[in-house]
Amino acid sequence: MPELPEVETVVRGLRSVLPGRTIVSVRLGKTDFIDDPVALEELLPGSRIESVERFGKYIRLELAPRHSGAHREPRRYLIVHLGMTGRLVVVGANQPAPPHTHGFFALDDGRELRYTDPRRFGRMLVVPDAAIAAFCGRLGEDPLQISLATLKKRLAGRRAKIKALLLDQRVVCGVGNIYADESLWLARIHPARLAARLTADEVSRLRQAMRTVLRAAIRLRGSSISDFVDSEGNRGGYQGRHRVYHRHGRPCVRCGASIRRMLVSGRGTHFCPICQPPPRMPRRTARKA
DNA sequence: AGCTCTTCCTGAAAGC
DNA sequence: TGCTTTCAGGAAGAGC
């Protein structure tokens, strides 16, 4: 499942080939994951790609304004979220397309940007210049950028479990299930701890753990669990470095205890029961007699 | 308001 | 062995 390191890997690949290229035509397959398919078909052809950026788990292609006659259209952005199983690759337009390829964006150099997504949990939309700040503004800060003071502020007073908040993109953006579990293990914090109950030192360790884990994962070009591949179709290398994710029943590399799996806020959650001590049970309300 | 649960979808894995 | 059932998960929206 593409999270921050996987999306960063895809973005770096796309950045090496897309800027300067113009989209010449658009062909779509299934469109139920696209906000406005007609907008993609009408607004993208003739648009030159200026830059490729990541924000959270989103990919943002900046498109230069088109000129229609004397009229200059607004700058636009193509926003792509890979969801669970989305792939964004650039290949020769004559290459056969794998099943579930629902977006074909032909480029002016004979290649094609393609979007493949079996489960269609991804998302694709065009956002005009005037709306892009609001769209990006809904997200919290990037976990590689956020200051300790800001993170403390975001968690202060929150009675949700810390893992649920790490997955909430309005708190920090880009962390998903794998890197939430890996970061909490490195910081020695149980995923079901309430955010408001974390000590200042624990919040600091958590921030540092996210930075360590995410940077290492970027360095290894992400985790290929199910079918993640980068923009050239290559698998990542970080799946071999997972310490808890999908390791339930196997020994903790730090203390040897058996890694456990539980549900936290409906998510499969992996942790070490020794290194990550569980929260004390909430005080039971007084019972009559 | 804040938090958790449900829903969407398909392929892989578990179950019989 | 092979078919059927269950499950995983990002994020929007419903429900409590």
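Excluded from the calculations below are hydrogen atoms, water molecules and symmetry mates; all remaining heavy atoms, backbone and side chain alike, are included. A quick note: this is a predicted structure, and the numbers were derived from the prediction, not measured. Naming convention: chains lettered A, B, ... in sequence-line order (proteins, then strands); numbering from 1 in each chain.
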So, do A:Phe121 and C:dG10 meet the stacking rule of ring centres under 5.5 Å and planes under 30°?
yes
Would you please confirm or rule out a distance under 4.0 Å between OP1 or OP2 of [N] and any side-chain N or O of [X]?
X        : N      : result
A:Lys57  : C:dA11 : yes
A:Lys30  : B:dC8  : no
A:Tyr245 : C:dG9  : yes

In whole angstroms, how far is the [atom2] atom of [N] from the [atom1] atom of [X]?
X        : N      : atom1 : atom2 : result
A:Lys163 : B:dT4  : NZ    : C1'   : 15 Å
A:Leu194 : B:dC3  : CG    : P     : 9 Å
A:Leu167 : C:dG9  : CG    : C1'   : 10 Å
A:Ile34  : B:dC8  : CD1   : C1'   : 16 Å
A:Arg87  : C:dG10 : CZ    : P     : 17 Å
A:Leu263 : C:dT6  : CG    : C1'   : 14 Å
A:Arg159 : B:dA1  : CZ    : C1'   : 13 Å
A:His246 : B:dA12 : NE2   : P     : 14 Å

Tell me which nucleotide among [options] gets nearest to the side chain of [X].
X        : options              : result
A:Gln169 : C:dG9, B:dT4, C:dA11 : C:dA11
A:Arg123 : C:dA12, B:dC9, B:dC3 : C:dA12
A:Pro118 : B:dC3, C:dA8, B:dG11 : B:dG11
A:Arg120 : B:dT10, B:dC8, B:dC3 : B:dT10
A:His81  : C:dA11, C:dG9, B:dC3 : C:dA11

Decide yes or no, distance alone: a donor-acceptor N/O pair under 3.5 angstrom between the base of C:dA11 and the side-chain of A:Arg138.
no
Do A:Glu202 side-chain atoms and A:Ile189 backbone N/O form a donor-acceptor pair below 3.5 Å?
no
Heavy atoms under 4.0 Å, any strand shown: does [X] hit a base, just sugar-phosphate, or nothing?
X        : result
A:Arg267 : base
A:Tyr179 : nothing
A:Arg170 : nothing

Are A:Arg60 and A:Glu62 close enough for a salt bridge, meaning some N to O gap below 4.0 Å?
no
Check: A:Thr269 and A:Asp181 side chains under 4.5 Å, non-hydrogen atoms
yes
Between A:His100 and A:Ser265, who's closer to the 5' end of DNA chain B by nearest nucleotide?
A:Ser265
Mind checking whether A:Tyr58 and A:Phe135 have ring centres under 6.0 Å apart?
yes
For the ring pair A:Tyr77 and A:Phe55, is the centre-to-centre distance below 6.0 Å?
no
Could you go through residues 96-114 of chain A and list every donor-acceptor pair under 3.5 Å that involves a side-chain atom there, pairing it with any protein atom two or more places apart or in another chain?
residue: A:Thr101; atom: OG1; partner: A:Pro98; partner atom: O; Å: 2.7
residue: A:Thr101; atom: OG1; partner: A:Thr116; partner atom: OG1; Å: 2.9
residue: A:His102; atom: ND1; partner: A:Lys30; partner atom: N; Å: 3.2
residue: A:His102; atom: NE2; partner: A:His100; partner atom: O; Å: 3.4
residue: A:Asp108; atom: OD1; partner: A:Arg21; partner atom: NE; Å: 2.5
residue: A:Asp108; atom: OD1; partner: A:Arg21; partner atom: NH2; Å: 3.4
residue: A:Asp108; atom: OD1; partner: A:Thr22; partner atom: N; Å: 3.4
residue: A:Asp108; atom: OD2; partner: A:Thr22; partner atom: N; Å: 3.3
residue: A:Asp109; atom: OD1; partner: A:Arg111; partner atom: N; Å: 3.0
residue: A:Asp109; atom: OD2; partner: A:Arg111; partner atom: NE; Å: 3.2
residue: A:Asp109; atom: OD2; partner: A:Arg111; partner atom: NH2; Å: 3.4
residue: A:Glu112; atom: OE1; partner: A:Arg114; partner atom: NE; Å: 2.8
residue: A:Glu112; atom: OE1; partner: A:Arg114; partner atom: NH2; Å: 3.0
residue: A:Arg114; atom: NH1; partner: A:Gln95; partner atom: O; Å: 3.2
residue: A:Arg114; atom: NH2; partner: A:Ala93; partner atom: O; Å: 3.3
residue: A:Arg114; atom: NH2; partner: A:Gln95; partner atom: O; Å: 2.8

